[in-house]
Amino acid sequence: MGPTLSERLVTWQRQHGRHHLPWQNTRDPYRVWLSEIMLQQTQVSTVLGYYDRFLALWPTVADLAAASLDEVLAQWAGLGYYSRARNLHRCAQAVVSAHGGTFPRQAEVLATLPGIGRSTAAAIAGFCFDERVTILDGNVKRVLTRALNWEGDLSVTRHERWLWDAASLLVPEQGADMPAYTQGLMDLGATVCTPRKPQCLLCPWQPQCLGLQAGRAAELPVKTRKLKRSRRESWCLWIEQGGQTWVAQRPDTGVWAGLWTFPMWASEGAALRVQQALQPERVDTQPPITHVLTHLDWVLHLSRLSVPAQVDVQAVLQASQAADPVAAMEPVAAGPSPRSAEGMATLGFPAPFQRWLTGR
DNA sequence: AATTCGGGGGC
DNA sequence: GCCCCAGAATT
């Protein structure tokens, strides 16, 4: 028989897994939780800088809870999936107000908190509290479907449920092995059982892997989901007037919720009419860029305007906000307002606007 | 059950 | 171009 799959994985992780990521070598649930949220659908290399910055700014969950949502969003800017930042903030406040500033220890309770689903709850409970519950992230789905040579379509819900059950059966008997086991699942998927060209010769499960035996490991998992992106086109005006820049905050739902952008219009004509009303001294119209989001190709046009001091920008923008839906400015949470350079630095801008503002 | 949320890495 | 990434919440 030999060692079980979980025993093999635990031994392998201790010898060959990753041990020096910034969120490892701690059982502080705050640090583990913060890393797990940032790492949702996001690669390790992308998270590194953000993680250290958040910890430096907010060393404890109480510090984070005491921050404003705007501060958190500004620090999260560029990382994507901004509902994570909103839920991060809500979760910190819930931990403080409903749990006395201490994270709950059971996965089932953790999963009731904002932004913590079943997999993240299991990661926290396993890493910090030795609870015998399984994660099920992209790594585990790939590792498991290959090890079991299981060809179920992952876009089908009941297949996911089946995988949860299969993964649950594999957890180690000893709670003390849970941190290494959970990390092992992640490390195996990230470093050996990779999406393409898996390094099966290095795999601790190689003797048992049914996918490898069938010669199908590299073709799993099966996912039929086809992604069709819609297209949207917007015209942005970068309005500068006497050292100030006009910005608007996006509504608290939808794409880039709560972040800041230049005022935007859904038609070229509407933007041009506003541009004309502003009587700019200089106009710099840049080639459009296509910003790719998960479900959207967003074509963004940008004209940079220098507007004389005597022009009432506020009035022009308000009139455009109030215009009929076709000609109106795109919806904002709060009316556009001018910001100094220092003020701009405290706001969160989506990646393409960040690039424009910093000159790439 | 299907959609909606970003942005970057790697090939 | 394509798929993937320490997924969750919403509809």
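Note that the structure is predicted; figures quoted are calculated from it, not measured. Heavy atoms only: backbone and side chains are in, while hydrogens, waters and symmetry mates are out.
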Could you tell me whether the phosphate oxygens of B:dG7, OP1 or OP2, come under 4.0 Å of any side-chain nitrogen or oxygen in A:Trp256? yes
Where each residue is assigned the nucleotide of DNA chain B containing its nearest heavy atom, which of A:Val255 and A:Lys197 is assigned the position nearer the 5′ end? A:Val255
Rounded to whole angstroms, how far apart are CD on A:Gln41 and P on C:dC4? 11 Å
Rounded to the nearest angstrom, tell me the gap between atom CG in A:Leu136 and atom C1' in C:dA8. 13 Å
Whole Å only: how far is the CZ atom of A:Arg232 from the P atom of B:dC5? 8 Å
Here the distance between atom P of C:dA8 and atom OH of A:Tyr81, to the nearest Å, is 12 Å
The Watson-Crick or G-U wobble partner of B:dG6, with both key distances under 3.5 Å, is none
Tell me what A:Leu88 touches on the nucleic acid: a base, only sugar-phosphate, or nothing, going by heavy atoms under 4.0 Å. nothing
Output the rounded distance in Å from CG (A:Leu188) to P (C:dA6). 12 Å
CD of A:Gln40 versus P of C:dC4: gap in Å, rounded? 19 Å
Considering only heavy atoms and no angle criterion, is a donor-acceptor pair shorter than 3.5 Å present between the side chain of A:Thr294 and the base of B:dG6? yes
For A:Leu73 and B:dG6, give me the distance from atom CG to atom P, rounded to whole Å. 11 Å
Looking for any heavy atom pair under 4.0 Å, which part of the strands does A:Gly254 touch: base, sugar-phosphate only, or nothing? sugar-phosphate
Determine the contact category for A:Val47: base if any of its heavy atoms lies under 4.0 Å from a base atom, sugar-phosphate if only primed atoms, P, OP1 or OP2 are that close, otherwise nothing. nothing
Without decimals, in angstroms, what is the distance between A:Leu110 CG and C:dA6 P? 21 Å
Look at the side chain of A:Arg355 and decide which nucleotide, out of B:dC11, B:dG7, B:dG8, has an atom nearest to it. B:dG8
If you find the nucleotide of DNA chain B closest to A:Gly78 and the one closest to A:Val156, which residue's nucleotide is nearer the 5' end? A:Val156
Specify whether A:Trp150 and A:His159 have parallel, tilted or perpendicular ring planes, treating 30° as the upper limit for parallel and 60° as the lower limit for perpendicular. perpendicular
Students often mix this up, so state it plainly: with edges at 30° and 60°, are the rings of A:Trp256 and A:His291 parallel, tilted or perpendicular? tilted
Side-chain touch A:Tyr30/A:Val95, heavy atoms, less than 4.5 angstrom: no
Spell out yes or no: do the side chain of A:Thr42 and the base of B:dG6 have one donor N/O and one acceptor N/O closer than 3.5 Å? yes
Classify A:Ser35 by what it touches in the nucleic acid, base, sugar-phosphate, or nothing, heavy-atom distance under 4.0 Å. nothing
Tell me what A:Ser83 touches on the nucleic acid: a base, only sugar-phosphate, or nothing, going by heavy atoms under 4.0 Å. nothing
